[in-house]
Amino acid sequence: MQERILIVEDEEDLVRGLALNLEAEGYRVEYALDGLQGLRMALASPPDLLVLDLMLPEMDATRFCAPSPAS
């Protein structure tokens, strides 16, 4: 089974370069261009690895990684 990597990055050129190289190594790559979309994707189907930009639109990486109030 292919490992799945989720890239959460708002610079599309960087996403394309990362995805191209990771896919060449056999990984299945998905991406989100803002933090909120990335969080929704990660919660719906947790990736094997998450590549997360620090400063993102909608939700930065600090909020992305913060525990929910219910936990």
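Below, each value reflects all heavy atoms present in this structure, side chains not excepted, and no hydrogens, waters or symmetry copies.
- Contact detail for Gly35 and Val8: the closest heavy-atom pair is CA-CG1, 4.1 Å.
- Listed by first and then second residue, the side-chain hydrogen bond (donor to acceptor under 3.5 Å, both in side chains) pairs that reach into residues 48-63 come to none, sequence neighbours excluded.
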Exercise for the section: Applying side-chain contact (heavy atoms from CB on, under 4.5 Å), run through Ile7 and Leu22 and close with a yes or a no. Expected result: CA-CA 11 Å; Ile7 300 171; Leu22 291 167; 4.1 Å; yes
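- Identified under the side-chain hydrogen bond (donor to acceptor under 3.5 Å, both in side chains) test for residues 10-26, with sequence neighbours left out: Asp13-Arg16.
- Criterion: ILVMFWY side-chain heavy atoms under 4.5 Å apart, direct or through other members. Under it, Leu43 and Leu50 are part of a common hydrophobic cluster.
- Counting heavy-atom neighbours within 6.0 Å of Phe64 CZ, excluding the residue itself, gives a total above 12.
- Note on Val15: it clusters hydrophobically with Tyr27, by side-chain heavy-atom contacts below 4.5 Å among ILVMFWY residues.
- Between Asp34 and Leu36, the shortest heavy-atom distance links the atoms OD1-N, 3.0 Å.
- Glu9 is not listed as a side-chain neighbour of Leu18, based on a closest heavy-atom distance of 4.5 Å or more.
- Hydrophobic clustering of Ile, Leu, Val, Met, Phe, Trp and Tyr side chains at less than 4.5 Å, counting indirect connections, keeps Leu56 apart from Leu33.
- By the salt bridge (Lys or Arg N to Asp or Glu O under 4.0 Å) test, Arg40 is found to be paired with no residue, residues two or more places apart in sequence or in another chain being considered.
- Residues that satisfy the side chain to side chain contact (heavy atoms under 4.5 Å, CB included) test with Glu30, not counting sequence neighbours, are Arg4, Leu6, Arg28, Met41.
- Partners of Ala61 under the side chain to side chain contact (heavy atoms under 4.5 Å, CB included) rule, at least two apart in sequence or in another chain, are Leu52, Leu54.
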